[in-house]
Q: 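Here it is, the structure in full.
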Amino acid sequence: MSWSVLEALLSRPEDVKRMLRARGYSTDLVEEFLRVDREWKELKKRVEELRHEHNLITRSIRQVKSEEERRALVEKARSIISELESLEVKLKELENLRNMILRRFPNLIREEVYQICPEDAEEVPLRYWGRPKVYREDLEKFLTEIRRSGHDVEYDVIDWKPIGHADMLENVLKLGDTEKAGEVAGSRFFYIFDDIVWLDLALALYALDYLSQKGFRIVIPPYMLKHEYMTSVIDFEALKDAIYKIEGEDLYLIGTSEHPLACYLAKRELLEQDLPILFAGFSPCFRREASAGSRDLKGIFRVHQFHKVEQFVFCLPEESDRWQDFLINNAEELWRGLEIPYRVVLVCPKEMGRTAAKQYDLEAWMPAQATFREMVSCSNCTDWQSYRLHIRVVRKGMKREYVHTLNSTAIATTRAITAILENHQEPDGVVKIPKVLRKYLEVLPGAPKDYIVPKNVKR
RNA sequence: GCCGGGGUGGCCGAGCCAGGCCCAAGGCGCGGGACUUGAGAUCCCGUCCCCGUACAGGGGGCGUGGGUUCAAAUCCCACCCCCGGCGCCA
């Protein structure tokens, strides 16, 4: 049973270097690992020889009859132990170092990603859906971007300038307040009210309802994880600026339910017939956004806390590509249901998450910004997480392998709301609610049904 | 939080008191094979991790981390978790 990255390091280190270069990292780590690994193996051999010798002596002691012979053997055993002492300390150090280095490696990248992505590209659009509404003055910008992608997209030109989601929320509908939230909690927090709250909940229900019918077990997981588990599901060193820590406790707030969902089977041994296992997690997500700078400071697009329904799959290694298609397809169906024009892009090595071997993003068209923005991220993490979490499957012939894990956003509610506010607004500021949400709102007398209407507009 | 009982391989479960053929009995499950037209039953072999290309071989593993000893699943210490009872709080 071997981890793909370890196997590659030992048998084809050039592949690992290629991956590191493609992601924009130094390749020094490979040499460093190989050096330490060699040293570790040599010392391990030496130590085990000594231990063997010691075991032979120890086992023979009870059969020895003469006290003198006995004393000589014990003396010999003692001397081996004193020799072992310092070597074992050194071995432990080397082993820890080796593991530490090993855990710094990002995932290997699927061959087709190299094939599809041009050098230095951030992403490659694969397909478009829907008819983007493009404001007259943004048309050139829109067409340039579409043409560059080599796709043909139908669109509608509109004569009125759409209002950005932040202004819609706070000034037109007056159903959000990030200013007061900023005062009491800091920037990137929000208060949202009434119809937007119902919309938030309806979006989550819509996604959970859909996924539960697709074979997913729906789950509310812990919202915090211990250090040991957090470092197994993410590249902690690279992401620690993004994670909130609970003061005085060994606990971290989750950035997504992907994290606790992956941990659910930690240290478990599964049978082939147990797989696949499909989870749809629903949880708040907490993100420090420390490296975001001043990007997206307005509104609720990029915030420290939001709700998300997440798809998660544990599967057999040879089936993970198929499951990734399934996940992105689910996300697309959900977003088509919301009637929001989008495109699916293949994320290129430079921009991929370190845990992912292959990653798709679904980007929604945002009419007021005249650009596509990320709404969904769908990753095949292959054995990167399962190696760290020790999640294995027993195959035919009793061979053990690490399972593959995949994750994909279904709907992150606040982002979906921004997309709805921009795409479904009408010139008078009324926002049309997607029909698929109706059945989740219908049962609630206080909830809006077809439209969210600004107070000063009559309908 | 206090008192009592307990944590053994994917699961169940012996061993622990009296440390040494325990690198862990037995069972279930799972894999391979024999038998069978097939299934079942039965029988045999295999089924924790690491090093070793492989065969051989070796090392480590009994909640976690230390300690005692030539030798620890077994003895000692600390911590974690589970079950039962009491207390406290929703």
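Lettering follows sequence order; numbering is per chain, from 1. Note that this is a predicted model, so its numbers are computed, not measured.
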Q: Quick one: on RNA chain B, does A/Glu48 or A/Lys92 contact a more 5' nucleotide (nearest heavy atom)?
A: A/Glu48
Q: Write down the distance between CD (A/Glu83) and C1' (B/rC70), rounded to a whole number of angstrom.
A: 16 Å
Q: So what's B/rC11 paired with, Watson-Crick or G-U wobble, going by both distances under 3.5 Å?
A: B/rG27
Q: By nearest heavy atom, map A/Ser2 and A/Ile57 onto RNA chain B; which one lands nearer the 5' end?
A: A/Ser2
Q: Within this structure, what is the CZ-to-P distance between A/Arg46 and B/rG59, rounded to whole angstrom?
A: 16 Å
Q: Between B/rC70, B/rC51, B/rG29, which nucleotide gets closest to the side-chain atoms of A/Ala77?
A: B/rC70
Q: Can you say whether the rings of A/His304 and A/Phe189 are parallel (under 30°), tilted (30 to 60°) or perpendicular (over 60°)?
A: tilted
Q: Would you classify A/Lys45 as touching base, sugar-phosphate or nothing, given that sugar-phosphate means primed atoms plus P, OP1 and OP2, and contacts are heavy atoms under 4.0 Å?
A: nothing
Q: Quick one: is the NZ or CZ of A/Arg415 closer than 6.0 Å to the six-membered ring centre of A/Phe301, and within 45° of its axis?
A: yes
Q: For A/Arg78 and B/rU68, give me the distance from atom CZ to atom P, rounded to whole Å.
A: 12 Å
Q: Taking the cut-offs as 6.0 angstrom to the six-membered ring centre and 45 degrees off its axis, would you call A/Arg354 and A/Tyr25 a cation-pi pair?
A: yes
Q: Between B/rG10 and B/rG19, how far is it from one P atom to the other, in whole Å?
A: 29 Å
Q: Separation of A/Glu228 atom CD from B/rC81 atom P, in whole Å?
A: 13 Å
Q: Please state the C1' separation for the pair B/rC44 and B/rG63 - nearest whole angstrom.
A: 36 Å
Q: Considering only heavy atoms from C-beta outward, does the side chain of A/Tyr264 approach that of A/Ile391 to under 4.5 Å?
A: no
Q: Round to a whole Å and report the spacing from CD of A/Glu85 to C1' of B/rU68.
A: 13 Å
Q: Suppose you measure atom C1' in B/rG20 against the same atom in B/rA73; what distance do you get, rounded to whole Å?
A: 13 Å
Q: Taking B/rG4 as the reference, what is the distance to B/rC21 when you measure between their C1' atoms (whole Å, please)?
A: 38 Å
Q: side-chain contact (heavy atoms from CB on, under 4.5 Å), that's the test. Do A/Met168 and A/Glu422 meet it? Break it down for me.
A: CA-CA 8 Å; A/Met168 279 300 294; A/Glu422 291 205 9; 5.8 Å; no
Q: In whole Å, I'd like the distance from the CG atom of A/Leu43 to the P atom of B/rG59.
A: 16 Å
Q: Looking at B/rG20, which nucleotide sits across from it as a Watson-Crick or G-U wobble partner, both distances under 3.5 angstrom, or is there none?
A: B/rC70
Q: How close do A/Leu389 and A/Ala262 get, heavy atom to heavy atom, and via which atoms?
A: CD1-O, 3.5 Å
Q: Quick one: look up who B/rC2 pairs with, Watson-Crick or G-U, both distances under 3.5 Å, and put none if it's unpaired.
A: B/rG85
Q: NA contact type, A/Ile80, heavy-atom cut-off 4.0 Å: base, sugar-phosphate, or nothing?
A: nothing
Q: Out of B/rC51, B/rG58, B/rC70, which has the shortest distance to the side chain of A/Thr58?
A: B/rC70
Q: Please pick, from B/rC70, B/rG59, B/rC51, the nucleotide with the shortest atom-to-atom distance to any side-chain atom of A/Lys44.
A: B/rC51
Q: For B/rG60, does either OP1 or OP2 sit under 4.0 Å from a side-chain N or O belonging to A/Asn55?
A: yes
Q: Rounded to whole angstrom, note down the C1' distance from B/rG58 over to B/rG1.
A: 49 Å
Q: State the pairing partner of B/rG40; accept Watson-Crick or G-U wobble contacts with both distances under 3.5 Å, and report none otherwise.
A: none
Q: Give me the atom names and distance for the closest heavy-atom approach of A/Leu84 to A/Leu50.
A: CD2-CB, 3.7 Å
Q: Rounded to whole angstrom, note down the C1' distance from B/rG13 over to B/rA18.
A: 23 Å
Q: Among A/Ile452, A/Leu338, A/Ile420, exactly one meets side chain to side chain contact (heavy atoms under 4.5 Å, CB included) together with A/Ile433. Which residue is that?
A: A/Ile452
Q: Of the nucleotides B/rC70, B/rC23, B/rC51, which one has an atom closest to the side chain of A/Arg59?
A: B/rC23
Q: Can you tell me if the side-chain N/O atoms of A/Arg400 get under 4.0 Å from OP1 or OP2 in B/rC49?
A: yes
Q: B/rG52, OP1 or OP2 - any side-chain N/O from A/Lys41 closer than 4.0 Å?
A: yes
Q: When the P atoms of B/rA25 and B/rA14 are compared, how many Å lie between them, rounded to an integer?
A: 14 Å
Q: Counting only Watson-Crick or G-U wobble pairs whose two distances fall under 3.5 Å, which nucleotide matches B/rC62?
A: none
Q: In whole Å, what separates the P atom of B/rC3 from that of B/rC11?
A: 31 Å
Q: So what does A/Arg268 hit on the nucleic acid, given a heavy-atom distance under 4.0 Å: a base, only sugar-phosphate, or nothing?
A: nothing
Q: Find the distance A/Arg71:CZ to B/rA71:C1' and express it as a whole number of Å.
A: 18 Å
Q: In whole Å, what is the span from the CD atom of A/Glu95 to the P atom of B/rG61?
A: 12 Å
Q: If pairing requires Watson-Crick or G-U wobble contacts with both distances under 3.5 Å, which nucleotide is the partner of B/rC55?
A: none
